[in-house]
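Below: the structure, in structure tokens.
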Amino acid sequence: MKTEIANIKKTRTGADALVLPVINGGKGDRLNSIDRALKGMIKKVIKDRPSISDAGNTEILHIKEKGLPGIILLVGVGDVKKTGLDELRAAGGSAFSALARYEPQVVALAADDLLQKKVDHIPFVEGFMLRNYSYDRYRSVNNKKAVRTFRIDGKHNKKVESRIKELSEITEAVHFARDLVNTPSNDLIPSDLAREARRMEGGKMKVKVMGKKDIIRAGMNAFYSVAKGSKEAPRFITLEYKGKKGPGIALVGKAITFDSGGISLKPSEGMEKMKYDMAGGAVVLGVMRAVSRLKLPVNLIGVIPSCENLPGGAASKPGDVVKTAGGKTIEIVNTDAEGRLILADAIEYTKKLSPEVIIDIATLTGACAVALGNEAIAAMGNDQKYIEKLMKSSAATGEKVWQMPLYKEYRDYIKSEVADIKNSGGRSGSLVTAGYFLKEFAGDTPWIHLDIASTAWTDKDRPYMPKGATGIGVRLLVDLVAEVSK
Ligand code: BES
Ligand code: MN
Ligand code: ZN
């Protein structure tokens with residue numbers, strides 16, 4: 001979708017559909033002038049349904065008058081002095097979904113009334129753009145036409161153009177991550193992720209891909225112990241973006257392209273969703289893409305260990321013991337706790353690249369949903385200063401993050417009788433014991449763990465996230481990286 005700015009001012013915008021924000025009580029010059037052209041139709045709707053001005057409510061009007069768009073969508077934005085950033089984003093998303101069934105090609109947003117009230121309308125635009133996504137790769141019929149042009153109509157200051165451009169890059173990165181996550185595992189294997197990484201190579205971006213032999217040679221036996229159950233070859237992908245001198249942030253993304261559980265096999269019900277177990281890796285690719293396209297003056301490393309977790313004659317068995325590249329031994333008591341195995345090696349590898357902080361992002365535990373439902377990312381770490389920065393990015397992007405504790409008492413839960421550590425502490429506290437396991441491998445390096453198991457996928461449409469892969473984490477981490485670079 002092309003997003004453009006314009007200052008048309010007339011009722012005629014050249015669009016198939018016009019989005020008209022309704023501020024509390026239906027005040028605003030633009031609304032009034034369109035209402036006059038419609039002989040009071042809008043004021044009547046507002047009178048009949050006063051709640052239309054509540055943030056996120058919508059009403060479609062079919063217009064016969066010549067010179068006006070065929071569809072006018074009223075969308076409530078509430079008392080704009082009080083409406084929160086994410087409410088405005090959600091209203092933008094709701095506007096898109098209310099329009100989608102009419103398949104308009106060109107949509108205009110009448111932004112003047114918001115601008116006149118000095119309301120930042122960009123979050124609304126963002127919500128609209130984020131919601132304009134569907135995954136149609138395998139549909140042979142009934143493809144919905146997406147909006148081609150989104151025209152933001154109003155008297156804008158100069159900054160808006162660059163903010164829209166920035167927004168477009170970030171939204172594209174979110175959609176790119178969603179595409180990867182939605183793709184089933186027969187069409188997305190580790191080498192496909194490596195290919196996507198390679199496509200970003202060039203300029204300030206370097207990409208390195210290690211295959212099975214390199215992984216074994218590097219001593220990444222914990223990672224390999226997961227990979228070896230599948231015929232598909234693993235890939236260990238490293239992207240390095242150098243936008244300045246000095247150290248930078250490192251992102252590590254879990255990319256299990258399918259998680260069957262291995263020998264500790266998962267129940268078949270719902271197993272089809274385990275194609276999304278590579279969402280962490282997809283987020284890392286999305287962030288790298290946005291940051292390099294925005295040419296941010298930062299250093300950023302992306303590390304993506306990728307493989308399948310399958311049962312088979314060569315698969316790891318419960319009770320097996322493996323040694324990581326850093327020399328720690330792990331007892332694999334449950335082959336379904338594979339994410340932390342591949343991340344243990346990946347975190348140790350990343351430490352050697354001397355980043356100022358490591359942030360891993362992973363669909364790590366089912367317990368994440370037990371603790372937080374499908375609303376928030378669980379965060380844990382050993383560096384409160386960085387967690388505070390992350391919280392700021394969370395507030396700015398609306399991607400909710402909730403911190404969980406890593407009390408030293410949890411160490412006992414993952415004590416092994418035969419090795420340095422075991423890969424599962426059982427049901428109790430399993431969201432935090434997974435985090436604690438990773439902490440042991442991060443050591444003294446500042447580190448944050450983000451569990452996106454319950455938020456990377458949504459079973460219901462959300463205001464700016466349609467059903468399926470959400471791409472959550474991309475906007476959060478791009479914001480963090482951008483803020484740290486300031
Ligand atoms: N990929 C899963 C976690 C997951 C579950 C992600 C549901 C998305 C939705 C992870 O590899 C896993 O299987 N974790 C186990 C760990 C347990 C065996 C200690 C879990 O949480 O059940
Ligand atoms: Mn698993
Ligand atoms: Zn998994």
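Order of listing sets the numbers, starting from 1, for every ligand and every atom in it. On a predicted model such as this, the values are computed, not experimentally measured, just so you know.
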- Task: Looking only at N, O or S atoms, find the one in Glu338 nearest to the Mn ion (ligand 2) and name it.
- Result: OE1

Distance dump, ligand 1 polar atoms to protein, N/O, under 3.5 Å:
from     : atom 1 : to     : atom 2 : distance (Å)
ligand 1 : 1 (N)  : Lys254 : NZ     : 3.4
ligand 1 : 1 (N)  : Asp259 : OD2    : 3.1
ligand 1 : 1 (N)  : Asp277 : OD1    : 2.8
ligand 1 : 1 (N)  : Asp277 : OD2    : 3.0
ligand 1 : 1 (N)  : Thr363 : O      : 3.4
ligand 1 : 11 (O) : Lys254 : NZ     : 3.2
ligand 1 : 11 (O) : Asp259 : OD2    : 2.9
ligand 1 : 11 (O) : Asp336 : O      : 3.1
ligand 1 : 11 (O) : Glu338 : OE1    : 2.8
ligand 1 : 11 (O) : Glu338 : OE2    : 2.9
ligand 1 : 13 (O) : Lys266 : NZ     : 2.8
ligand 1 : 13 (O) : Asp336 : O      : 3.0
ligand 1 : 13 (O) : Asp336 : OD1    : 2.8
ligand 1 : 13 (O) : Asp336 : OD2    : 3.1
ligand 1 : 14 (N) : Leu364 : O      : 3.4
ligand 1 : 21 (O) : Gly366 : N      : 2.7

- Closer than 2.8 Å to the Mn ion (ligand 2), do we get an N, O or S atom from Asp277, backbone or side chain? no

- Message: Is there a side-chain contact between Ile448 and Asp383 in this structure, where contact means two heavy atoms from C-beta onward sitting under 4.5 Å apart?
- Response: no

- Relative to the Mn ion (ligand 2), which of the N, O or S atoms in Asp259 is the closest? OD2

- Considering just N/O/S atoms, say which atom of Asp277 is closest to the Zn ion (ligand 3). OD2

- Query: Hey, mind stepping through Glu348 and Lys328 against salt bridge (charged side-chain N to carboxylate O under 4.0 Å, His left out) and telling me if it holds?
  - Reply: CA-CA 10 Å; Glu348 281 182 341; Lys328 279 197 168 60; 5.1 Å; no

- Message: Just so I know, are the side chains of Pro184 and Tyr138 near enough to count as touching, which here means a heavy-atom distance under 4.5 Å?
- Response: yes

- Quick check: does Lys254 put an N/O/S atom under 2.8 Å from the Zn ion (ligand 3)? yes

- Message: Just checking Phe150 against Phe128, ring centres under 6.0 Å apart?
- Response: yes

- Message: As a test of understanding, state which of Ile189, Val226, Ile256 forms a side-chain contact (heavy atoms from CB on, under 4.5 Å) with Glu308.
- Response: Ile189

- Message: Which atom name would you report as the N, O or S atom of Asp259 nearest the Zn ion (ligand 3)?
- Response: OD2

- Would you mind naming the N, O or S atom of Glu338 nearest to the Zn ion (ligand 3)? OE2

- Task: Please check if the distance between the ring centroids of Tyr349 and Phe236 is under 6.0 Å.
- Result: yes

- With a 4.5 Å heavy-atom cut-off, do Glu483 and Lys392 have their side chains touching? no

- Message: Do Ile332 and Val322 have side chains that approach each other closer than 4.5 Å (heavy atoms only, starting at C-beta)?
- Response: yes

- Message: Taking N, O or S atoms only and a limit of 2.8 Å, check whether Asp336 reaches the Zn ion (ligand 3).
- Response: no

- Hey, are the side chains of Lys460 and Asn374 touching, using non-hydrogen atoms and a 4.5 Å cut-off? no

- Message: Applying side chain to side chain contact (heavy atoms under 4.5 Å, CB included) to Asn382 and Leu406, what does each step give before you reach the verdict?
- Response: CA-CA 8 Å; Asn382 61 11; Leu406 289 177; over 6 Å; no

